[in-house]
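Order of the sequence lines sets the chain letters (A, B, ...), proteins ahead of strands, with each chain counted from 1.
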Amino acid sequence: MGEAIVVTSGKGGVGKTTTTANIGTALALQGKKVCLVDTDIGLRNLDVVMGLENRIIYDLVDVAEGRCRLNQALVKDKRFDELYMLPAAQTKDKTAVSPEQVKDIILELKKEYEYVLIDCPAGIEHGFRNAIAGADKAIVVTTPEHAAVRDADRIIGLLEQSSVESPKLVVNRIRPGLVKSGDMLDIEDILQVLNIDLIGIVPDDELVIKAANNGEPTVMNPDSAAAIAYRNIARRILGDAVPLMQLDRKPGAFKKFKKFFGMG
Amino acid sequence: MTVKSKHVRIKGIKDGLVFLLDDKCPFEDLLNELRYKLEHSHQNILTGPIVHVDIKLGSRSVTEEDKAAVLDILKGQGNLLIRSIDAVVEAAETDPDALFIISGIVRSGQVLHHDGNLLYLGDVNPGGTVTCTGDIYVLGALRGIAHAGVDGNQEAIIAASLLTPTQLRIADVISRPPDEWGTRESSMEFAYLSSGAMQIDKIHNIFKIRQGLNVFKGV
C-alpha cells in the first residue's frame with residue numbers, strides 16, 4: 001500500500017502544481033512508482049506543466065462517474081515508465097465530484113503506486129475538501145510573503161482538524177538577495193508563525209518558468225538550483241537526512257575576478 | 001407612588017404568564033415592585049379568567065421563606081394560578097478569579113472563546129482570535145486579535161510574552177498598533193483600559209492597576 005500526499009497552500013500562485021510535478025518527477029527519478037492526481041477541476045494545469053496535455057483521453061470526473069475504468073484515465077509520462085498522471089476535467093467545476101468519490105479513487109491508486117501526489121486547488125472550499133479526502137500526509141507550499149504565510153496558516157489549521165497527518169512545509173521562491181537585505185521574510189520568521197516541520201526550501205529560479213512552459217519539470221535539469229532543491233525534498237520524503245540547501249552561495253570565480261578589478 | 005425601575009417583567013406566553021424577576025436588585029425592592037404592579041399598574045391583564053403563572057427568579061439564591069413571600073403576594077390576586085417557581089442554581093459556585101489554562105496554537109481563521117479568565121500557552125497567529133469575558137494571558141506570541149472583557153468588563157486586561165497583535169480589544173474599546181501606542185521594547189507587556197483608552201505597559205507595572213495581586217509576602 002503506497003501513501004497519498006496532498007500538495008496544498010490556500011493561496012493561489014505559490015507553486016502547488018510546480019511542486020507536485022517536480023516532487024513527483026524527482027520520486028520517479030529515484031525509481032519509485034508514482035501517480036500524480038490533479039484535483040483542480042475546471043482549471044487543470046498539472047498536465048500542461050508535465051507536458052502531457054495532448055495525451056489526455058479520460059479524466060477524474062469520468063472515473064468518478066463510471067464512464068471509464070481508472071486505468072483508462074491514467075496518462076503515462078513520456079520520460080518515465082513508472083510515472084503516471086490522473087488529469088482533472090476542464091469542462092466541469094469542483095462540485096462535479098464528491099470527497100468520497102476522490103477518496104475511493106486515491107485508495108485504488110494507493111494499491112498500485114508507492115506515492116500518490118495530489119495537486120490541490122487554491123481555496124478552502126469544496127475543491128480543497130476533495131483534495132484532502134484521500135490523503136495520508138500533506139505538504140503545505142508557501143512563499144516568503146505575508147499573504148501566503150497567512151493562508152498557509154489557515155490551511156494548516158484546517159488540516160489539523162482533518163484526518164491528514166501533521167503537514168510538512170515547503171518554502172518556495174526564496175530570493176536570497178531580498179532576504180539578506182530584509183525585504184523578504186526569512187525562513188525563521190515563517191517557521192515561527194507556522195510552527196510545523198520544514199521539508200524543503202526552493203530558491204526562485206527562472207529556469208522553473210522556462211521548464212514549465214516547455215512541459216518539462218525543472219527537476220530534469222541538474223543545472224537548476226530549484227531542481228536540486230526539489231530532488232532534496234524527494235529524498236527527504238523517502239526518509240534520507242539531507243541538509244538544507246545553502247541559499248547564499250559563494251560568488252563564482254568569474255565574479256571574484258570582476259571584483260578584483262573593481263568591476264563587481 | 002410610581003415605580004420607575006424594571007425589576008419585575010411580565011411576559012405573556014401561549015398558555016399563561018411568566019414573571020421574570022430581576023436577580024441583581026435587593027429582594028425587598030423586588031417584593032415592593034411586584035406588589036405595586038399587581039395592585040396598581042397591571043389591573044387590565046391581571047383580572048378576569050384564571051391564568052397560569054410561571055415565576056422565574058433568575059440566578060438569585062433564594063430560601064424557602066423568600067419563595068413563600070413571593071407566592072403570598074401573587075396569591076393576593078385570586079385569578080393567578082401558580083404553576084412553577086424556580087431559580088437557576090449555579091452548577092458549582094465558580095470562582096470569578098479562576099484561571100482556565102489551555103495550550104495549543106490559534107491559527108488564522110480560528111476563534112478561541114472562553115468564559116472567565118484564560119491562560120493560553122502557545123501562539124495566537126495573525127488572523128486568529130481569542131475572546132474572553134475576563135482577562136487574557138498569553139504565554140507565547142500574540143500576533144492575532146485578542147478581545148478581553150467581551151461582555152463589557154472594562155477592568156479586563158490582556159498580557160502576552162510577545163505583544164505584537166493585529167488588534168487589541170477590551171470591552172468595547174478597539175486599538176491597533178503601532179500608531180496608537182508608540183514604539184516599545186520587546187519585553188512581556190500587558191494592555192489595559194485607562195479612562196476608556198487602551199494603554200500598554202510592562203508586565204511589572206501590573207500591580208498598579210491590580211492591587212489585589214499584591215499579597216502579603218512576609219516581613
With a 4.5 angstrom heavy-atom cut-off, could you sort out which part of Glu160(A) is near chain B: side chain, backbone, both or neither?
-> side chain
Would you name the heavy atoms of Ile105(B) and Val193(A) that are closest together and state the gap between them?
-> CD1-O, 3.9 Å
More than 12 foreign heavy atoms under 6.0 Å from NE2 of His146(A): is that the case here?
-> no
For Arg175(A), look at atom CZ and say whether over 12 heavy atoms of other residues, nucleotides or ligands are found less than 6.0 Å away.
-> no
Look at atom NZ of Lys67(B) and say whether more than 12 heavy atoms of other residues, nucleotides or ligands are closer to it than 6.0 Å.
-> yes
Among the listed options Ala141(B), Gly128(B), Gly127(B), Pro126(B), the residue most often paired with chain A at heavy-atom distances under 4.5 Å | Pro126(B)
Got a donor-acceptor contact below 3.5 angstrom from the Arg107(B) side chain to the Leu194(A) backbone?
-> yes
Chain A shares the most heavy-atom pairs under 4.5 Å, among Asp123(B), Asn125(B), Val106(B), with Asn125(B)
Give a yes or no on this: more than 12 heavy atoms of other residues, nucleotides or ligands lie within 6.0 Å of atom CZ of Arg9(B).
-> no
Spacing of CD1 belonging to Ile156(A) relative to CD belonging to Gln110(B), to within rounding of 0.5 Å | 10.0 Å
